[in-house]
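First listed ligand is number 1; within each ligand, the first listed atom is number 1.
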Amino acid sequence: MKKILFNARILSDDGELKRADISVENGIITSLCAAEDANAEAYDLRGAFVMPGAVDVHAHLREPGFEYKETVLSGTLSAAKGGITALMAMPNLDPVPDSGEHLKAETDIIGRDAVVAVYPFGAVTVGEKGKELADMEGLAPYVKAFSDDGRGVNDLNLLKKAMLIAKKYDKIIASHAEKEGYGVSPEAEIYAVEAELELVKETGCKYHFCHLSTAKSWAMVREAKRAGLDVTAEATPHHLFLNERFAPREGNFKMNPPLRSYEDMRATVTAVLDGTADMIATDHAPHSKEEKSDYDSAPNGIIGFETMLPSVYTGLVRTGRISFKRFVELVSYNPAKRFSLPVNRIARGERADLVALDIDNPRIYTAEEILSKSANSPFIGAEFYGFPILTLKDGETVYKDINLRRI
Ligand code: DOR
């Protein structure tokens with residue numbers, strides 16, 4: 001059925017917000033100045049900001065293998081609630097997608113249950129064990145990129161071989177840069193980034209650094225970009241807005257890389273402001289309440305789908321540090337472009353993958369509202385502007401705030 005979203009605000013070419021009445025039919029945006037239509041499903045958005053659906057290139061959906069933490073269905077419903085219409089799923093699953101057969105186990109579930117677009121990463125090594133290469137050549141036609149996220153590939157000879165295969169197939173390697181033997185210290189990340197950049201220089205592989213967290217790593221990536229290497233990097237909302245100074249010793253504040261110093265947090269913000277960070281990604285990493293109850297034994301990871309857009313909007317856009325245009329680039333356009341995913345746009349004739357954010361009314365994020373199967377968020381209790389009130393994927397409603405009523 002035709003949908004009309006009255007009283008939206010959208011980004012205009014000059015970077016300002018302008019009013020629009022958006023109609024959607026058969027999955028496509030058909031007008032930005034729609035007229036009343038008694039037969040349409042219509043909403044009054046009351047000035048909500050309608051933007052292209054977010055694209056999150058770093059997510060853990062846990063299925064197959066760890067369904068008690070999350071499933072493709074619960075994870076993608078949570079993503080939809082967060083305004084994310086496409087995501088890339090990390091391969092630390094059981095089985096690990098290191099062969100065509102193992103990947104098929106994952107894509108069958110995605111095909112059956114996902115409510116937003118899900119693009120699986122292929123693993124770099126068999127079982128993500130860092131010992132022998134996965135069937136990267138066999139996987140290449142079916143994945144956009146490779147990663148052993150959750151751990152770094154520490155054998156640099158093996159990593160170099162992987163880079164050469166990735167280059168041959170024009171695929172990206174997304175690195176969880178962490179050098180073994182250094183725990184989760186800043187040095188673990190810094191030494192890994194340094195060594196991996198050397199290999200990128202040698203091989204010319206397209207390389208992407210996941211969740212960078214230290215000032216030194218950002219400085220090295222800044223330099224590598226200046227030198228012309230084909231390198232991109234992502235920042236997470238938690239490394240942008242939280243630091244170790246005020247973090248309680250609670251499972252919901254434990255992740256890898258961990259929250260760093262105030263200076264590292266500021267350097268991460270600077271990286272976003274000056275373009276060294278190309279995109280923002282969640283590292284959505286659900287774990288059960290039981291697993292997270294004891295800090296020392298808790299696994300690393302926090303959920304992030306539902307708070308990415310509100311936290312970035314509140315922390316960076318509303319404070320005037322970045323523009324609406326840059327916001328859309330960071331959470332949607334740049335990740336889609338880099339990983340060769342469909343780009344979402346608010347324009348006539350475009351696919352209706354979009355989200356409406358309530359940017360006028362702040363509210364507190366609560367444990368009760370979480371749609372993920374896990375609730376390990378350090379942002380519970382935080383107040384944000386910009387929560388999604390409506391998300392459309394291919395024109396279908398995949399999330400709607402209960403207070404948004406049809407008119
Ligand atoms: O915090 C993290 N959680 N870091 C990782 O590297 C893995 C992830 C997970 O899978 O839980």
Side-chain angles (χ1 to χ4, degrees), residues 56-72 74-75 78-79 87-98 106 118 120-121 123-125 127-130 146-154 173-180 182-186 188-189 192-193 196 208-214 217 233-244 247 249-260 268 280-293 295-305 307-308 372-379:
D56 180 7
V57 298
H58 195 138
H60 299 273
L61 291 184
R62 306 299 192 209
E63 193 182 22
F66 306 93
E67 291 82 357
Y68 68 97
K69 300 175 195 258
E70 192 81 286
T71 61
V72 168
S74 66
S78 177
L87 63 87
M88 293 186 67
M90 283 297 177
N92 51 348
L93 301 167
D94 188 10
V96 168
D98 51 12
E106 183 185 355
V118 175
F121 276 95
V124 177
T125 67
E128 285 202 359
K129 293 194 189 317
F146 292 93
S147 183
D148 263 8
D149 188 67
R151 50 181 74 181
V153 181
N154 272 274
I173 292 186
S175 161
H176 171 108
E178 182 181 343
K179 189 173 164 80
E180 242 163 25
Y182 291 83
V184 293
S185 65
E189 179 177 297
V193 170
E196 291 170 24
H208 176 78
F209 285 106
C210 300
H211 47 49
L212 288 184
S213 64
T214 76
S217 314
E234 75 198 23
T236 69
H238 46 283
H239 293 115
L240 283 168
F241 304 125
L242 303 174
N243 63 76
E244 65 191 3
R249 276 178 67 79
E250 287 172 18
N252 290 358
F253 287 77
K254 184 176 176 187
M255 74 293 282
N256 184 23
L259 299 179
R260 302 283 190 201
T268 305
I280 294 173
T282 62
D283 198 3
H284 178 87
H287 294 290
S288 74
K289 199 169 178 174
E290 295 67 40
E291 290 172 310
K292 281 297 206 179
S293 61
Y295 184 85
D296 290 319
S297 62
N300 287 309
I302 58 164
I303 59 167
F305 287 151
T307 47
M308 174 170 77
S372 168
K373 218 168 179 177
S374 296
N376 48 318
S377 167
F379 292 116

Next item on the list: Assess Glu178 for proximity to ligand 1: is some non-hydrogen atom of it under 4.0 Å away?
Entry: no
Next item on the list: Would you tell me whether Thr282 and Asp56 have side-chain atoms, one donor and one acceptor, within less than 3.5 Å of each other?
Entry: yes
Check: Could an N or O of ligand 1 be found under 3.5 Å from any N or O of Asn300, whether backbone or side chain?
Finding: yes
Next item on the list: Look at ligand 1 and say whether His238 reaches it with a heavy atom at a distance under 4.0 Å.
Entry: no
Check: Hey, does Gly301 come in under 3.5 Å of ligand 1, counting only N/O atoms on both sides?
Finding: yes
Next item on the list: Return the option from Asn376, Asn92, Asn256 holding the heavy atom at the smallest distance from atom 2 (C) of ligand 1.
Entry: Asn256
Notebook entry, point to check: Is the closest heavy-atom distance from Pro299 to ligand 1 below 4.0 Å?
Noted result: no
Note to self: Which of the numbered atoms in ligand 1 are under 4.0 angstrom from any heavy atom belonging to His287?
What the structure shows: 11 (O)
Next item on the list: Compute whether any side-chain donor of one residue and acceptor of the other, for Glu67 and Thr71, lie under 3.5 angstrom apart.
Entry: no
Next item on the list: Return the option from His58, His284, Arg62, Lys69 holding the heavy atom at the smallest distance from atom 11 (O) of ligand 1.
Entry: Arg62
Notebook entry, point to check: Would you say Lys179 has more than 12 foreign heavy atoms packed within less than 6.0 Å of its NZ?
Noted result: no
Checklist line | ligand 1 contact on Met90 by region, counting heavy-atom pairs under 4.0 Å | finding: neither
Item checked: Residue part near ligand 1, for Met255, under 4.0 Å between non-hydrogen atoms -> both
Notebook entry, point to check: Any side-chain donor-acceptor pair under 3.5 Å between His287 and Arg62?
Noted result: yes
Notebook entry, point to check: Taking Asn92 as the fixed residue, which of His176, Glu128, Arg151 is the one that meets the side chain to side chain contact (heavy atoms under 4.5 Å, CB included) rule?
Noted result: Glu128
Margin query: Does any N or O of ligand 1 fall below 3.5 Å from an N or O anywhere on Asp149, backbone included?
Written below: no
Check: Got a donor-acceptor contact below 3.5 angstrom from the Lys254 side chain to the Ser297 backbone?
Finding: no
